[in-house]
Amino acid sequence: CLSDTFEPPSYPDISVTPSITSGEITLSGNFPAGTRFEVYNLLGQRVYYYEVQIGNQSQTLFMSLALGTYIYRVQAEGTLLKSGKLVLIH
């Protein structure tokens, strides 16, 4: 389920910014092996996927998606590390 009411375990060292964007976001934190950043539309379809580099770092991603609201998930080896909303604007 992609409901935004689910509260994942707390991983305070991982951040996804900004939540309102024109397509550029920054992932920051200490990422374990096998970490993936995935974006889903509100129908639950995965529309973006990125394998995050291992280690403590920041990575800038550029997404080419239609304007609207999306749900993101950061997971490693089946464990949800962080989730939230992204709003793409002009």
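Shown here for L80 and Q75, the closest heavy-atom pair between the two residues is CA-CB, 4.2 Å. Heavy-atom minimum distance, R36 versus Y49: CD-OH, 3.0 Å. When all heavy atoms of L67 and I89 are compared, the pair lying nearest together is CD2-C, 3.5 Å. Listed here is the closest heavy atom pair of G34 and E77: CA-OE2, 3.4 Å. A33 and A76 get closest at one heavy-atom pair: O-CB, 4.2 Å.
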Take V39 and L65 through the test side-chain contact (heavy atoms from CB on, under 4.5 Å) and record every step on the way to the result. CA-CA 10 Å; V39 178; L65 299 173; 4.1 Å; yes

Apply side-chain contact (heavy atoms from CB on, under 4.5 Å) to residues L27 and F37 and explain how you reach the verdict. CA-CA 9 Å; L27 302 177; F37 174 75; 3.6 Å; yes

Check step by step if side-chain contact (heavy atoms from CB on, under 4.5 Å) holds for T35 and L81. CA-CA 9 Å; T35 301; L81 305 179; 4.3 Å; yes

Chi angles and distances behind the side-chain contact (heavy atoms from CB on, under 4.5 Å) call for Y70, K85: CA-CA 6 Å; Y70 297 87; K85 286 185 192 177; over 6 Å; no

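Surrounding CD1 of I20 are at most 12 heavy atoms belonging to other residues, nucleotides or ligands under 6.0 Å away.
Note that OH of Y40 is 11.0 Å distant from CD1 of I71, once rounded to the nearest 0.5 Å. Between the CZ atom in F31 and the CG atom in N56 there is a gap of 8.5 Å [rounded to 0.5 Å]. The CG atom of L88 sits 9.0 Å away from atom OG1 of T69, with the distance rounded to the nearest 0.5 Å.
Counting only heavy atoms from C-beta outward, the side chains of I25 and F62 never approach each other to under 4.5 Å.
The pair R46-E38 counts as a salt bridge, with a side-chain nitrogen and a carboxylate oxygen less than 4.0 angstrom apart.
Checking Y50 against Q59 by side-chain atom types alone, a donor-acceptor pair falls below 3.5 Å.
Counting only distance, with no hydrogens or angles, the side chain of E24 and the backbone of T21 share no donor-acceptor pair below 3.5 Å.
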